[in-house]
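Starting from 1, each residue takes its place in the sequence as its number. Just so it is clear, the values below take in all heavy atoms, side chains as well, and ignore hydrogens, waters and symmetry mates.
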Amino acid sequence: MDKNLLSNQINMLYDNYSSNPVDEKVLLDKLDIIHLFGREKLEQIQTILSNTTGLAFVTVDFKGDVITDETSFSEFCKSIRNSPLGLQRCKSSDAFGSIQASVTKKANVYLCPCGLTEVAIPIIIHGNYLGGFIGGQIRCNDVPSEICDLRTVMPNKEFDDFSSKFKDLFNDIPIFPYEKLRSIAELVQLVVNQLGENLLSKQVTQKIANSKIMEINELNNNLKKRFK
């Protein structure tokens, strides 16, 4: 996968990008993933990532809560999430991955309660963890033994019996080499975090420019009043 190609595709979404000016201190100290990227743009990024990598994606905020629609979710995962029990297990899985990524500030690979391989990719801007992408829904036959398996961390026989009903859909899910998944995650983190830094810089610059314009307008108005 070409890093420049992926970066260019995502950056094209932000041509002529602008946002409402906000207080500079808020931008630097209280960054928010939605205000920085925009929900629609995050979903468009997910689509680009999914089309490029073949993985499913969803975005979570810094609390681990899902904030976008799902992209390219498998029929198996859709079926699991259609039940209250399955949805709760999936939410817990997403939260686990995002918490681990926020602590390590690195892409975190783990096995979900269904045994699928997932990766939480953190979005870190100016040292602040804003949230991240949860990607994957794939099968890996060569996952290292040290990778966390949520089937053992949070066992639930009722859920296991429920998910076994969709065994055929599970077997339809593609198999990825583990190292390929790791490489994808590292590339996505690099490209998206760089984009986030650029957007923040643009918003700060916009705020400074707007402040200068307001100062000039105020000065002009004072001069007009003085020489009337």
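- Both V192 and V109 are assigned to one and the same hydrophobic cluster, defined by single-linkage of ILVMFWY side chains at heavy-atom distances under 4.5 Å.
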Requested in this report: Carefully, step by step, assess E75 and K78 under the rule salt bridge (charged side-chain N to carboxylate O under 4.0 Å, His left out).
Outcome: CA-CA 5 Å; E75 289 303 317; K78 290 178 183 177; 3.5 Å; yes

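- Between L36 and L199, the closest heavy-atom pair is O-CD1, 3.7 Å.
- Between the NZ atom in K167 and the OG atom in S164 there is a gap of 9.0 Å [rounded to 0.5 Å].
- You'll find the side chain of F159 stays beyond 4.5 Å of the side chain of M154, heavy atoms only.
- Between I184 and K180, the closest side-chain pair of non-hydrogen atoms falls below 4.5 Å.
- Classification of the F166-F162 ring pair by plane angle, with boundaries at 30° and 60°, yields perpendicular.
- In this structure, Q46 and T59 have side chains that are in contact, with non-hydrogen atoms separated by less than 4.5 Å.
- Not a single donor-acceptor pair under 3.5 Å links the side chain of Q137 to the backbone N or O of E118.
- With hydrogens and angles disregarded, no donor-acceptor distance shorter than 3.5 Å links the side chain of S93 to the backbone of R89.
- No side-chain heavy atom of I45 sits under 4.5 Å from any side-chain heavy atom of F57.
- Side-chain N or O atoms of T47 include one that pairs as donor or acceptor with a backbone N or O of E43 at under 3.5 Å.
- Cluster membership check: I124 does not share its hydrophobic cluster with L200, using side-chain heavy-atom separations under 4.5 Å among Ile, Leu, Val, Met, Phe, Trp and Tyr.
- I99 contributes atom CD1, which lies 12.5 Å from atom NZ of K63 (distance to the nearest 0.5 angstrom).
- Under the 4.5 Å side-chain criterion, counting only non-hydrogen atoms from C-beta, V153 is in contact with L150.
- In terms of heavy-atom proximity, A107 sits nearest to Q189 at N-OE1, 3.5 Å.
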Report task. Evaluate the side-chain contact (heavy atoms from CB on, under 4.5 Å) criterion for residues L55 and L181: first the C-alpha distance (whole Å), next the side-chain angles of each, then the deciding distance (0.1 Å), finally the verdict. Result -> CA-CA 9 Å; L55 304 180; L181 177 64; 3.8 Å; yes

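- Closest approach of D142 and F176 over heavy atoms only: OD1-O, 4.1 Å.
- Nearest heavy atoms, R151 versus C114: CD-C, 4.2 Å.
- Between R39 and D69, at least one side-chain N (NZ, or NE/NH1/NH2) sits under 4.0 Å from a carboxylate O, which counts as a salt bridge.
- Note: the hydrophobic cluster containing V58 does not contain F133 (ILVMFWY, side chain heavy atoms under 4.5 Å, direct or indirect links).
- With hydrophobic clusters built from ILVMFWY side chains whose heavy atoms lie under 4.5 angstrom apart, L49 shares a cluster with L195.
- Side-chain atoms of E197 do not come within 3.5 Å of backbone N or O of I125 as any donor-acceptor pair.
- Transitive grouping of hydrophobic side chains (ILVMFWY, heavy atoms separated by less than 4.5 Å) keeps F62 and I33 in distinct clusters.
- For the pair S50 and S72, the tightest heavy-atom approach, listed with the atom from each and the gap, is OG-OG, 2.7 Å.
- One distance of note links OG1 of T53 with CD1 of I138; it measures 9.0 Å at 0.5 Å rounding.
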Query raised in the report: Could you walk me through whether S74 and F170 pass the side-chain contact (heavy atoms from CB on, under 4.5 Å) check?
Result: CA-CA 9 Å; S74 67; F170 181 90; over 6 Å; no

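- The two atoms that bring Y110 and I134 nearest to each other are OH-CG2, 3.8 Å, heavy atoms only.
- D149 contributes atom CG, which lies 9.0 Å from atom SG of C112 (distance to the nearest 0.5 angstrom).
- When I80, I173, L111 are each tested for a side-chain contact (heavy atoms from CB on, under 4.5 Å) with L116, only one passes: I173.
- The distance from the CG atom of N193 to the CG atom of L130 is 8.5 Å, given to the nearest 0.5 Å.
- If you take CG on L85 and CG on N156, they are separated by 6.0 Å, rounding to the nearest 0.5 Å.
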